[in-house]
Amino acid sequence: MPHLVIQLLRLIHILGGAFWFGSLMFVAIFLLPTLKAIGPASGAVMQQLTEVRKLPLYMMFVPIITILSGLGLFYNDSVGTAGGFMRSAPGMMYSTGGVLAIITATIGGFINAPTGKKLGELGGKIRARGGPPTPEEQSEVARLQDKLNGATRVAAVLVTLAGACMALARSM
């Protein structure tokens, strides 16, 4: 691969990984617990984040480009080594980090995104009605928030481990 392409892939991978890591940590540690604590008033914040700021699109797009650029870098490092790179310490660490990143993105796509969408739809229904949530709606909101909080915490740990693997692999 041409040197410029490799540098561009590295730039995309590092900046994408930094955004992904930082966003997940902020959401897991600060945003979701705060939204749960403030209750029904959190709907306006989430509406702004999702409908105006388009946070879900960023949280889908950035992991995809981060993973794809990482795969390109991995291919570049391993091509022509007859499997030698895969057996090396850096190759194994990059592989582990890549698998962890793919698992993290899968959690985001198959658990967090649908759960967040359900929460948004339920919040919209409650806002449209103009009154407080019913006890059933409150229970469902709490269940969905717990699911989202748990999956986001797991994703934050996994993306942290993925980043650690990538950082350590470079020095092996």
Side-chain heavy atoms under 4.5 Å apart, restricted to Ile/Leu/Val/Met/Phe/Trp/Tyr: what other residues fall into the cluster of [X], or is it alone?
X: L100; result: V99, I103, I107, I111, V154, V157, L158, L161
X: M60; result: L57
X: I6; result: M1, V5, L9, L73, Y75, V79

Check against side chain to side chain contact (heavy atoms under 4.5 Å, CB included), L68 and H13: CA-CA 8 Å; L68 290 176; H13 190 68; over 6 Å; no
Pairwise distance [atom1]([X]) to [atom2]([Y]) - rounded to 0.5 angstrom:
X: T115; Y: F110; atom1: OG1; atom2: CZ; result: 12.5 Å
X: T106; Y: N112; atom1: OG1; atom2: CG; result: 11.5 Å
X: R143; Y: L122; atom1: CZ; atom2: CG; result: 10.0 Å

From CA spacing to verdict: side chain to side chain contact (heavy atoms under 4.5 Å, CB included), S42, K36: CA-CA 7 Å; S42 67; K36 185 173 183 174; over 6 Å; no
Between E137 and R129, does a salt bridge (charged side-chain N to carboxylate O under 4.0 Å, His left out) hold up when you go through it step by step? CA-CA 12 Å; E137 289 169 335; R129 192 178 61 243; 2.8 Å; yes
So, for T66 and V62, which heavy atoms are closest and what is the spacing to 0.1 Å?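 Heavy atoms of T66 and V62 come nearest at OG1-O, 2.7 Å.
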Do [X] and [Y] touch side chain to side chain, with heavy atoms closer than 4.5 Å?
X: P132; Y: P40; value: no
X: P90; Y: R170; value: no
X: M59; Y: L24; value: yes
X: T160; Y: M25; value: yes

State yes or no: do [X] and [Y] share one hydrophobic cluster built from I, L, V, M, F, W and Y residues joined by side-chain heavy-atom distances below 4.5 Å, directly or via other members?
X: F26; Y: L15; answer: no
X: L8; Y: L4; answer: no
X: M46; Y: Y58; answer: yes
X: V159; Y: M166; answer: no

Could I get the full list of ring-ring contact (aromatic ring centres under 6.0 Å, His included) partners for F19, not counting sequence neighbours?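 Residues passing ring-ring contact (aromatic ring centres under 6.0 Å, His included) with F19: none at all.
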Residue list, salt bridge (Lys or Arg N to Asp or Glu O under 4.0 Å) with R10, at least two apart or on another chain: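 Not a single residue meets the salt bridge (Lys or Arg N to Asp or Glu O under 4.0 Å) criterion with R10.
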Test side chain to side chain contact (heavy atoms under 4.5 Å, CB included) applied to M172 and M93, step by step: CA-CA 9 Å; M172 298 183 119; M93 286 298 279; 3.2 Å; yes
CZ of R53: more than 12 outside heavy atoms within 6.0 angstrom?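 At most 12 heavy atoms, drawn from other residues, nucleotides or ligands, come within 6.0 Å of this atom.
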Which residue pairs satisfy the ring-ring contact (aromatic ring centres under 6.0 Å, His included) criterion with at least one member in residues 80-102, sequence neighbours excluded?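 Every pair satisfying ring-ring contact (aromatic ring centres under 6.0 Å, His included) with a residue in residues 80-102: F74-F85.
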Evaluation steps, side chain to side chain contact (heavy atoms under 4.5 Å, CB included), between E140 and L144: CA-CA 6 Å; E140 181 65 2; L144 291 170; 3.8 Å; yes
